[in-house]
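Structure first, then comments.
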Amino acid sequence: MADIPCQPLRIEALRQQLAQWEGAMPWRSQGENTSFSPRKPALSSGCPQLDQALPEKGFRPGTLVEWLFCAEGDGTATLAFLAAAEGCRGGGAVVVLDRTGEFYPPAVVAQGIEPARLIVVHPGNKADHAWALDQALRCPAVAAVVAWPDALDGKLDGRTFRRLQLAVEQGGGLGLLIRPEGVRGEPSWADMRLLVESLPSPSPYGWPRRMRVVLLRCRGGRGEQTVEVEIDHETHPLS
Amino acid sequence: MKRILCLRIENLAAQPIAALQSVAAECKQFTPLVGIDPNVFPQSVLLDITNVIHLFGGEAALIQRILGELQARGWRLRAAAANTPGAAWALAGYGKAEGGEGRKGRGDAETRRHGDVEITSSPLPASPCLPSPLSSLPLESLRLSEPTVALLHSLGVWQIRQLEALPRRELSSRFGPELLDCLDRVTGRLSEPLPAWEPPPQFEVCWSAEFSTTRRETIEAALSHLARRLAALLNRAGRGAMRLECLLKCNLSEPLQVVVGLFRPTAWANHLVQLLQVRFESLQLPGPVDSIRLAAASTAPLELRQQEMFSEGQTRAEPRHLAGLIDRLSNRLGHTCVTQIRLVPDAQPELACYYAPLVQGIEAGSRRARFSTAGPRARRASRPSQRGNATRLLPPRPLRLLTQPLRLPGGIDGLFSFGGRQQRIVRRVGPERIETGWWRGGHHVGQHVPMVVVGVARDYYRIETAAGRCYWVFRRLPDGPWFLHGMFD
């Protein structure tokens, strides 16, 4: 410690140490299998600007990420699917749970998710939705699950949420939950809670789109942080 | 000494193999060894009755019984018993027409009439020489090739007796080894195996309760037991179940049938148990259950999985895990709810993509065949490379598409109101004109596109509000009202 000259640097070093400890020995995966399942590296979120703001430069597999949207049409789901596209790059399926029937797959295919990897599930009711979400998160062959748990009067209560978190930990995929901004005050079992707000596009053609992402909650992070991201539909060419 | 019974079937239908198999299956009740081989013994079913004759009170009684049984099912046949498959076949096929005189003369072959069935039976000979009733049969009964028969005919040899009279040594050098082989197979000098046939295995297990029960625990335990037994059967045969049929018989009401479809063939007991449990969780029992029958109605060969010594990484296990997830989801939510997407090069946004069930259920016989006839232009452009290019050139599509376009009464003149909020429009990108589908009549498409689709003519715009939110709206062309169709969520 003596060779660290000034206070900010020292704080940074302590933070890194803390993150290492947290990562190497998370309280929940203590057990005999820790040595066999080394920590998976974090996956990029698909947005370089967002990656910079995230403590691990991305999302770690086996965790839940909450995406809070303020209103429809603000691009939250697009960001979530960018993360899903990154998640399935190494193999595995992307499961989309769509209760409303309004999900439009060509948009995410254009974002770089192969159609063959996409499984779209249409649960008929709330109970089936919760069950299917749990099953999909629990499956090791699923790289990412995208769901709107609050759509159509759905409700994510604390116990269900906790169960989802355990499921995703077991499955090792990425759980991407797109939720309305109103749940901001509710407790969360997700590793990340990101609030997305749209901003006017800087270009007269409407592309790239600009968004402000507020990191409301972030494991190993340093409090609330705001980052502006830009996404362009042309930067995600078809495979 | 073996006794072989040959049944030569004279009214074989268009599918001889299937008919032979069904006869063979019926003959299985008399003897365990039944053979069919349409190439070697055409039109015939061979039964090895050596060790079962005494069970039926003699050969004649056994043959009578077999014939009675088969005749009742509408088969017309001729039967003959002999010591070798070849001799039995020869007698059954040619014994009646040409052999009558010879037999009478010798007096040691019996020919009886049983209904309109001809039974020929050659007695047990003392030595392995040619049994006498055979000697008067024509040469064709030896299953010789046609040129050989023609050659022998031209030499004046018509019956087996005449052939026997010729010196053996000369026969081989003059006619090739085939002639002697065929002769020896019939006489028994050369052994010929019976082409044994086994019916395809039935994967079916049953359980019956000592007294009928409505207790779910009992039924689930029985089901899990049945699934394990079924899995063992499947494993032994190297096959995996593609469709399970479970029939619960209730003594008071109609039997309840549950069908479970699978994404990938499996013989893994735990997985079958899970799938059945998922189905039974949401099932109302009609009454006390008497018995349960579990059958794998459709099976497919199991994929071989190499055992790994060190299971590092989950990539190998992935297909199995995914198949398991798909099976569980499909069976609880319904086959049509668990889908993969199919992109279609159709200009109309609602039709550019449709969902195809991952598990072929009972109802998925002709799934959305009408989409493939979307039009001559669409079909021509369905090559993957072209499709990729087409998608790339399209303006971006929204992530959320309303199932029914929403009429915007106020239009989009500077202000845009949706969901009770008024927003100022700062940008409007477009139009993208979509005018298509004139060839489609007004028919109903699919459950996920619950609208009647006819030809459309629309001008699509992507609008951005002051807050940066993006929507996809269109103006219906002939008359001009505005609709909201999607959100760039």
Side-chain angles (χ1 to χ4, degrees), chain A residues 36 69-78 80-81 90-93 95 100-111 115-116 118-124 128 131-132 135-136 138-142 171-172 178 197-201 204-207 209-212 233-234 237-239, chain B residues 314-315 317-326 328-329 332-334 336-343 349 352-353 355 358 388-389 391-392 394-403 418-419 421 423 426-429 447-448 450 462-472 486-489:
Chain A
F36 288 104
F69 62 89
C70 298
E72 71 292 323
D74 59 8
T76 316
T78 307
F81 275 102
V95 178
T100 58
E102 289 178 349
F103 169 63
Y104 191 55
V108 305
V109 172
Q111 283 185 23
L118 201 60
I119 297 174
V120 184
V121 183
H122 299 101
D128 279 351
W131 177 82
Q135 290 288 318
R138 214 171 275 281
C139 178
V142 173
I178 303 167
E197 292 165 327
S198 54
L199 297 173
S201 170
Y205 304 105
W207 292 100
R209 296 180 73 184
R210 184 178 281 182
M211 285 161 243
R212 183 190 296 130
H233 75 280
E234 278 164 357
L238 281 170
S239 51
Chain B
Q314 292 162 325
T315 43
E318 213 175 68
R320 197 188 61 173
H321 283 298
L322 195 62
L325 174 72
I326 291 168
R328 283 194 298 276
L329 292 175
R332 167 142 173 195
L333 309 178
T336 50
C337 292
V338 184
T339 54
Q340 57 186 328
I341 63 160
R342 294 277 161 81
L343 298 182
C353 167
Y355 297 110
L358 280 163
N389 288 338
T391 320
R392 199 195 296 269
L394 283 180
R397 292 288 181 242
L399 208 140
R400 226 173 108 195
L401 193 78
L402 297 179
T403 47
F418 171 69
R421 257 194 316 265
Q423 305 184 66
V426 295
R427 200 165 288 127
R428 192 167 97 171
V429 185
Q447 64 172 75
H448 297 298
R462 181 171 164 273
I463 58 169
E464 192 182 317
T465 66
R469 292 170 195 147
C470 299
Y471 300 88
W472 211 37
M487 295 88 160
F488 291 84
D489 251 7

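So that the names make sense, note that chain A is the first sequence line, chain B the second, and so on, each numbered from 1.
Both the backbone and the side chain of F103(A) have a heavy atom closer than 4.5 Å to some heavy atom of chain B. Residue R210(A) does not touch chain B at all, counting heavy-atom pairs closer than 4.5 Å. For V108(A), the part lying under 4.5 angstrom from a heavy atom of chain B is the side chain only. For V338(B), the parts lying under 4.5 angstrom from a heavy atom of chain A are both the backbone and the side chain. Only the side chain of R462(B) has a heavy atom closer than 4.5 Å to any heavy atom of chain A. For L399(B), the parts sitting under 4.5 Å from any heavy atom of chain A are the backbone and the side chain alike.
Annotation: side chain of P200(A) is in contact with side chain of E464(B) (closest heavy-atom distance under 4.5 Å). In this structure the side chain of T100(A) never reaches within 4.5 angstrom of the side chain of R400(B), judged on heavy atoms. Put simply, the side chain of R469(B) does not reach to within 4.5 Å of the side chain of F69(A), judged on heavy atoms.
Considering all non-hydrogen atoms of both residues, S198(A) and A467(B) come closest at OG-O, 2.7 Å. The two residues Y104(A) and A352(B) make their nearest non-hydrogen contact at OH-CB, 3.8 Å.
Checking side-chain atoms of R209(A) against main-chain N and O of F488(B) turns up a donor-acceptor pair under 3.5 Å. Side-chain atoms of Y355(B) do not come within 3.5 Å of backbone N or O of H122(A) as any donor-acceptor pair. Counting only distance, with no hydrogens or angles, the side chain of D489(B) and the backbone of G75(A) share no donor-acceptor pair below 3.5 Å.
Between M487(B) atom CE and E72(A) atom CD the span is 5.0 Å, to the nearest 0.5 Å. The OG atom of S201(A) lies 5.0 Å from the CZ atom of R427(B); values are rounded to the nearest 0.5 Å.
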**Study point:** Trace of the side chain to side chain contact (heavy atoms under 4.5 Å, CB included) decision for L322(B) with I119(A)
**Key:** CA-CA 10 Å; L322(B) 195 62; I119(A) 297 174; 4.2 Å; yes
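For the set V429(B), I341(B), T465(B), I326(B), the entry with the most heavy-atom pairs within less than 4.5 Å of chain A is I341(B). The greatest number of non-hydrogen atom pairs below 4.5 Å with chain A, out of R332(B), R428(B), R328(B), is found for R332(B).
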